[in-house]
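Quantities reported herein were computed from a predicted structural model and do not represent experimental measurements. Residue numbering restarts at 1 for every chain, and letters A, B, ... go by the order of the sequence lines.
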Amino acid sequence: MKIATWNVNSLRARADRVEAWLDRSDVDVLAIQETKCKDNNFPWDLFENSGYEVAHFGLSQWNGVAIASRVGLDDVERTFPGQPTFGKDTDPVQEARAIGATCGGVRIWSLYVPNGRALGDPHMPYKLHWLDVLKEHAVEWLQADPHAQIALTGDWNIAPQDEDVWDIDLFQREGYTHVSPPERAAFHAFENSGFTDVVRPHTPGPGVYTYWDYKQLSFPKKMGMRIDFALASPALAARVTGASIDREERKGKGASDHAPVIVELA
DNA sequence: ATGCCCGAGCGACTCGGA
């Protein structure tokens with residue numbers, strides 16, 4: 001079985017590439033982030049034509065997450081329990097950033113972790129709280145069933161290690177997000193709770209990334225970030241036989257700024 | 001060549017991304 005996660009940065013703008021990628025990648029499950037649409041303009045046919053069931057959670061042109069599967073798609077959950085809201089003053093909104101489904105015996109979560117925007121911005125405590133609540137649930141899921149096969153996949157908007165950005169000195173000097181100690185602590189809290197990054201051992205750095213900005217020739221200049229991850233529960237991690245980052249998909253006209261991340265299971 | 005930002009909604013500009 002092969003599962004993948006990919007921030008497509010608009011599913012409609014990327015429809016042809018996503019369909020072609022599904023056809024050649026041979027994945028059984030694809031967790032998608034940033035569909036950037038509501039159900040009424042979601043490209044349902046794309047997945048049906050490729051032989052996948054799909055569940056989508058999209059509330060506006062922002063965010064949006066989905067799971068496509070050809071090994072079953074059961075018990076779909078939109079948002080995790082108690083998922084924090086964000087809103088200016090009086091109108092907090094629960095954003096479309098998490099969808100879960102059971103596919104071929106694996107509980108898959110497609111996660112689009114909030115962007116903190118800047119250290120000191122209100123979005124940063126929102127991001128950290130969002131991750132903390134998710135982590136508390138992840139701990140409960142494991143306590144309820146230590147043998148559960150759970151995959152927390154998606155765009156985490158965190159670079160956990162110095163080698164996960166092209167120039168750590170620049171990031172720290174300028175006080176950029178993604179590398180700050182609180183963000184990294186939020187990520188490591190999942191690892192301390194028993195969830196393992198199952199991709200890094202098969203794709204060691206430095207210089208291995210999943211995201212490259214569209215601007216300033218970032219991709220050809222190898223100015224990227226590793227911010228998309230698949231974290232696996234112990235029972236799932238034990239099944240992992242390989243993993244890869246499909247940086248070929250970042251090439252050419254009409255590419256997403258993120259590359260797909262693939263995990264192979266025995 | 002992988003090549004100097006892109007997508008969505010609105011309405012011809014603004015916001016969000018990281």
Side-chain angles (χ1 to χ4, degrees), chain A residues 5-18 20-21 32-43 46 56-66 86-88 91 93 95-97 111-128 130-131 154-180 182-184 186-187 207-229 245-261:
Chain A
T5 182
W6 188 11
N7 181 325
V8 298
N9 186 14
S10 172
L11 199 44
R12 285 175 289 163
R14 217 71 61 208
D16 290 348
R17 285 189 75 129
V18 171
W21 192 82
I32 299 167
Q33 299 86 41
E34 284 212 86
T35 64
K36 287 189 170 179
C37 64
K38 303 178 192 176
D39 278 354
N40 63 350
N41 46 20
F42 185 89
L46 184 166
H56 177 232
F57 180 36
L59 299 172
S60 69
Q61 73 269 41
W62 309 119
N63 315 307
V65 283
F86 186 85
K88 294 178 178 95
D91 193 20
V93 176
E95 298 175 316
R97 295 182 174 277
L111 305 166
Y112 181 39
V113 175
N115 183 335
R117 300 199 185 184
L119 305 183
D121 187 288
H123 288 85
M124 183 57 75
Y126 168 52
K127 172 183 191 173
L128 297 173
W130 197 97
L131 284 164
D155 178 355
W156 289 72
N157 271 318
I158 297 171
Q161 298 188 12
D162 287 354
E163 67 173 31
D164 295 339
V165 296
W166 77 92
D167 185 347
I168 186 61
D169 292 335
L170 172 73
F171 274 66
Q172 291 180 338
R173 188 170 63 243
E174 298 295 330
Y176 289 167
T177 58
H178 293 65
V179 299
S180 71
E183 291 170 280
R184 286 178 165 179
F187 186 88
V208 174
Y209 309 123
T210 64
Y211 162 86
W212 300 260
D213 199 298
Y214 286 122
K215 290 182 281 193
Q216 297 170 323
L217 289 172
S218 295
F219 185 58
K221 289 182 176 172
K222 306 184 190 307
M223 294 160 61
M225 304 167 71
R226 190 201 285 255
I227 56 175
D228 300 271
F229 296 96
I245 298 165
D246 187 0
R247 67 183 298 284
E248 291 297 309
E249 180 55 37
R250 180 61 179 80
K251 297 180 180 179
K253 189 173 173 57
S256 169
D257 42 5
H258 294 253
V261 176

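- When rounded to the nearest whole Å, the span between CD of Gln33(A) and C1' of dA18(B) equals 15 Å.
- Atom-to-atom, CE of Met223(A) to C1' of dA18(B) comes out at 12 Å; the value is rounded to the nearest Å.
- Using a 4.0 Å heavy-atom cutoff across all strands shown, Phe171(A) reaches no nucleic acid atom at all.
- Phosphate proximity of dA18(B) to Tyr112(A): present, with a side-chain N or O under 4.0 Å from OP1 or OP2.
- In this structure, Phe171(A) and Trp166(A) have perpendicular ring planes: the angle between them is above 60°, well past the 30° mark.
- Between Phe86(A) and His123(A), the ring center distance clears the sub-6.0 Å criterion.
- Separating the C1' atom of dG9(B) from that of dC4(B) is a span of 27 Å, rounded to the nearest Å.
- Distance from the side chain of Lys36(A) is smallest for dG16(B) among the nucleotides dT2(B), dC5(B), dG16(B).
- If you check every strand for non-hydrogen atoms under 4.0 Å, Thr177(A) touches nothing.
- Comparing dA18(B) with dT14(B), their P atoms are spaced 22 Å from each other, to the whole Å.
- Relative to the side chain of Lys251(A), the nucleotides dA18(B), dC6(B), dT2(B) differ in distance, and dT2(B) lies closest.
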Checklist entry - Does the side chain to side chain contact (heavy atoms under 4.5 Å, CB included) test come out yes or no for Ile245(A) and Arg226(A), once each step is laid out? => result CA-CA 10 Å; Ile245(A) 298 165; Arg226(A) 190 201 285 255; 4.3 Å; yes
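- The distance between atom CD of Gln172(A) and atom P of dA18(B), rounded to the nearest whole Å, is 20 Å.
- Between Lys215(A) and Lys222(A), the residue whose closest nucleotide on DNA chain B is further toward the 5' end is Lys222(A).
- Going from atom CZ of Phe86(A) over to atom C1' of dC15(B) covers 14 Å, rounded to whole Å.
- When the P atom of dC6(B) is taken as reference, atom CD of Gln216(A) falls 13 Å away, rounded to whole Å.
- Between Arg247(A) and dT2(B) there is no side-chain polar atom (N or O) within less than 4.0 angstrom of OP1 or OP2.
- Comparing dG9(B), dG17(B), dG16(B) by their nearest atom to the side chain of Arg12(A) picks out dG9(B).
- Sequence order on DNA chain B of the closest nucleotides to Asp213(A) and Ala13(A) puts Ala13(A) first from the 5' end.
- dA8(B) atom P lies 14 Å from atom CG of Asn63(A), rounded to whole Å.
- Under the 30°/60° scheme for interplanar angles, the aromatic rings of Tyr211(A) and His258(A) are found to be tilted.
- Spacing between atom CD of Glu95(A) and atom C1' of dC15(B) amounts to 14 Å, rounded to whole angstrom units.
- Proximity note for Phe219(A) (side chain, C-beta onward) versus dG17(B), dT2(B), dA18(B): the nearest is dT2(B).
- Look at the C1' atom in both dC15(B) and dC10(B): the space between them is 11 Å, to the nearest Å.
- Of all the heavy atoms in Trp21(A) and Glu249(A), the pair that sits closest is CD1-OE1, 3.6 Å.
- Base engagement by Trp62(A) is indicated by at least one non-hydrogen atom pair under 4.0 Å involving a base atom.
- The listed nucleotides are dA18(B), dG7(B), dG9(B); the one nearest the side chain of Asn41(A) is dG9(B).
- Using a 4.0 Å heavy-atom criterion, one finds that Gly252(A) contacts the sugar-phosphate atoms exclusively.
- Tyr211(A) comes within 4.0 angstrom of the backbone, heavy atoms only, and of no base.
- The side chain of Arg97(A) lies closest to dG17(B) when the candidates are dT2(B), dG17(B), dG7(B).
- Taking only side-chain nitrogens and oxygens, His123(A) never comes nearer than 4.0 Å to OP1 or OP2 of dG17(B).
- In terms of the side-chain contact (heavy atoms from CB on, under 4.5 Å) criterion, residue partners of Lys221(A) (sequence neighbours excluded) are, by chain and number, Leu217(A), Met223(A).
- The two residues Thr35(A) and Ala66(A) come nearest to each other via the heavy atoms CG2-CB, 4.1 Å.
- Residue-level contact check: Asn157(A) touches the backbone only, with heavy atoms under 4.0 Å from sugar-phosphate atoms and none from bases.
- Among the heavy atoms of the strands lying under 4.0 Å from Asp155(A) are primed sugar atoms or P, OP1, OP2 only; no base atom is included.
- If you measure from atom CZ of Arg117(A) to atom P of dG16(B), you get 5 Å, rounded to the nearest angstrom.
- Nearest nucleotide to the side chain of Leu217(A), out of dT2(B), dG7(B), dG3(B): dG3(B).
- Counting non-hydrogen atoms under 4.0 angstrom, Glu248(A) reaches nothing in the nucleic acid.
- Between Arg14(A) and the phosphate of dG7(B), there is a side-chain N or O to OP1/OP2 separation shorter than 4.0 Å.
- For Pro220(A), the listed nucleotide lying nearest its side chain is dT2(B); candidates were dC5(B), dT2(B), dA18(B).
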